[in-house]
There are 2 protein chains.
Amino acid sequence: MPRTSRTSRPIARPVRRNADADLADLPEVSAVDQVDTRFLQSLLGYNARRAALAIIERFLVRMEEFGLRPVEFSVMSVIHHNPGVTSRQLCAALNLLPPNLVGLIQSLDARGLLTRLPHPHDGRAVGLHPTPEGQALMQQAEQAALEIEEAKSLGLTPAQHRTLLQLLQKVYL
Amino acid sequence: MPRTSRTSRPIARPVRRNADADLADLPEVSAVDQVDTRFLQSLLGYNARRAALAIIERFLVRMEEFGLRPVEFSVMSVIHHNPGVTSRQLCAALNLLPPNLVGLIQSLDARGLLTRLPHPHDGRAVGLHPTPEGQALMQQAEQAALEIEEAKSLGLTPAQHRTLLQLLQKVYL
DNA sequence: TATTGTTATACTCTATAACTATA
DNA sequence: TATAGTTATAGAGTATAACAATA
């Protein structure tokens, strides 16, 4: 078993010039030609994070025209499908912390994408409603999101796409 | 179709006291009882991110005793399995940016978990090697990571676990 | 007393530009 | 000229404590 690796995969021995041959055998100093990441690839957390980042990278590019970052998109999407939802409900649904939602809501309000109306039967709460502009934007943005995440644009079959969604939800729901 | 929702799921109408009945029908102000997140749940990016965060949450707790955060764990794991790997190779393998790796390496070096030796045939590069302490720590930490991410501890069958890993790698590799 | 929304704040993570030493 | 490693720095994301108004 070569000293340069603790794995079973064959690893090329470091390239050594003849002039260094007498020195090179003393210290355990070797070079790596191909990085072995097989251990990390056996961990679900690592793979889920890498996959999420890969998809979000595409998402960022596609959503530039709508001026929506991922969290803004998900907040507007929930408001779009749940007019009158409160900040607290949003935080619970999207696993956000209340202080971090405040600035987001203010920014989306300032852009004219949502309005804040009194809650019908809780004076502490505020209902979040999409404006017509917000509804129009989200109709386009959600269509674009669906296109990006289509099975074939990710190299998956429709069945694999469905399976992946189900298994991921089994993990976090 | 109720005005309070654009989805097909039946949504409870807001609770109204009789005294408000004459006012409540004028403005389109409604309350939401159950938040509908079905659209987001059809997006792979959203689900991958939520699943990754759920697993990483468990990871953070379990790795506290080793003093390793996720990125530190993955960096040490790659060094553990690839002694002599360079910073540049680490960045490529883990999708990190070089400036963000510098502090990590310095910190792990200061903790005595790795040593930085001259690269055998590139004077610009530095080879990263685990110390005996680093090797001992990673042997324990990797075992703990495997236990956390076992199929049954995530509510999956072994077959589902394998399928999930394969499909995630199809997306980001 | 508990909850909604908010402010202030700190810490981590991520990203870009620019420098040095070597190839 | 190009690459490895580094510095400085800015921005986004995430976290806790504490407060006012309302339930």
Side-chain angles (χ1 to χ4, degrees), chain A residues 15 17 31-32 35 49-50 52-54 56-57 59-61 63-64 67-75 79 84-110 114-128, chain B residues 15 17 31-32 35 45-46 49-50 52-54 56-57 59-61 63-64 67-75 79 84-110 114-128:
Chain A
V15 177
R17 289 187 228 88
V32 172
V35 179
R49 182 156 183 278
R50 291 294 303 264
L53 290 174
I56 288 170
E57 204 169 326
F59 189 90
L60 287 172
V61 176
M63 288 298 151
E64 244 174 28
L68 293 173
R69 282 169 298 176
V71 191
E72 293 169 329
F73 175 91
S74 54
V75 166
I79 295 174
V85 68
T86 69
S87 294
R88 203 74 169 102
Q89 288 177 310
L90 263 177
C91 287
L94 299 177
N95 201 25
L96 303 175
L97 292 172
N100 300 330
L101 191 58
V102 175
L104 281 171
I105 298 296
Q106 287 174 348
S107 151
L108 294 168
D109 190 355
L114 60 83
T115 55
R116 305 165 55 176
L117 302 177
H119 192 279
H121 49 276
D122 187 340
R124 299 168 301 181
V126 179
L128 303 170
Chain B
V15 177
R17 289 186 227 89
V32 171
V35 179
Y46 176 80
R49 182 156 184 281
R50 292 294 302 265
L53 290 175
I56 288 170
E57 204 170 325
F59 189 90
L60 286 171
V61 176
M63 288 298 150
E64 242 173 30
L68 294 173
R69 283 167 300 178
V71 190
E72 293 170 329
F73 175 90
S74 54
V75 165
I79 295 173
V85 68
T86 69
S87 293
R88 203 74 169 98
Q89 288 177 310
L90 264 177
C91 286
L94 299 177
N95 200 25
L96 302 175
L97 291 172
N100 299 331
L101 191 59
V102 176
L104 282 171
I105 297 295
Q106 287 173 348
S107 153
L108 295 168
D109 191 356
L114 60 83
T115 55
R116 305 165 56 178
L117 301 176
H119 192 279
H121 48 276
D122 187 339
R124 299 168 300 180
V126 179
L128 303 171

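Chain naming here is simple, since letters A, B, ... match the order of the sequence lines and numbering starts at 1 in each.
Put simply, CZ on A:Arg50 is 17 Å from P on C:dC13, counting in whole angstrom units. Rounded to whole angstrom, the span from the CD1 atom of A:Ile56 across to the C1' atom of C:dC13 amounts to 13 Å. Here C:dT22 presents its P atom at 17 Å from NE2 of B:His121, a figure rounded to the nearest Å.
Put simply, the side chain of B:Ile105 reaches to within 4.5 Å of the side chain of B:Leu90, judged on heavy atoms. Taking the side chain as every heavy atom from C-beta outward, A:Leu96 and A:Val75 approach each other to under 4.5 Å.
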_B/S/- contact track for nucleotides 1-10 of chain C, protein heavy atom under 4.0 Å_ = --BSSBBB--

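Each end of the helix from C:dT1-D:dA23 to C:dA23-D:dT1 gets its own axis from five base pairs, and the two axes differ in direction by 10°, given to 10 degrees.
For B:Leu60, the side-chain contact (heavy atoms from CB on, under 4.5 Å) test picks out B:Ile56, B:Pro70, with sequence neighbours left out. Evaluation of the side-chain contact (heavy atoms from CB on, under 4.5 Å) rule for B:Pro99 yields B:Leu97 as partners, not counting sequence neighbours. Partners of B:Tyr46 by ring pair (Phe, Tyr, Trp, His ring centres under 6.0 Å), not counting sequence neighbours: none found. Scored by the salt bridge (charged side-chain N to carboxylate O under 4.0 Å, His left out) test, B:Arg116 finds no partners at all (sequence neighbours excluded). In this structure, the side-chain contact (heavy atoms from CB on, under 4.5 Å) partners of A:Asp122, at least two apart in sequence or on a different chain, are A:His119, A:Arg124, A:Ala125. Looking at residues two or more places apart in sequence or on another chain, you find a side-chain contact (heavy atoms from CB on, under 4.5 Å) between A:Val102 and A:Gln106.
Proximity of a side-chain donor or acceptor of A:Gln89 to a complementary backbone N or O of B:Val35 within less than 3.5 Å is not detected.
Scanning all heavy atoms of the two residues, the minimum distance from A:Leu104 to A:Glu72 falls at CD2-CG, 3.5 Å.
A nucleotide of DNA chain D counts as in contact with chain A when one of its atoms lies under 4.0 Å from a heavy atom; the first and last such, 5' to 3', are D:dA12 to D:dA23.
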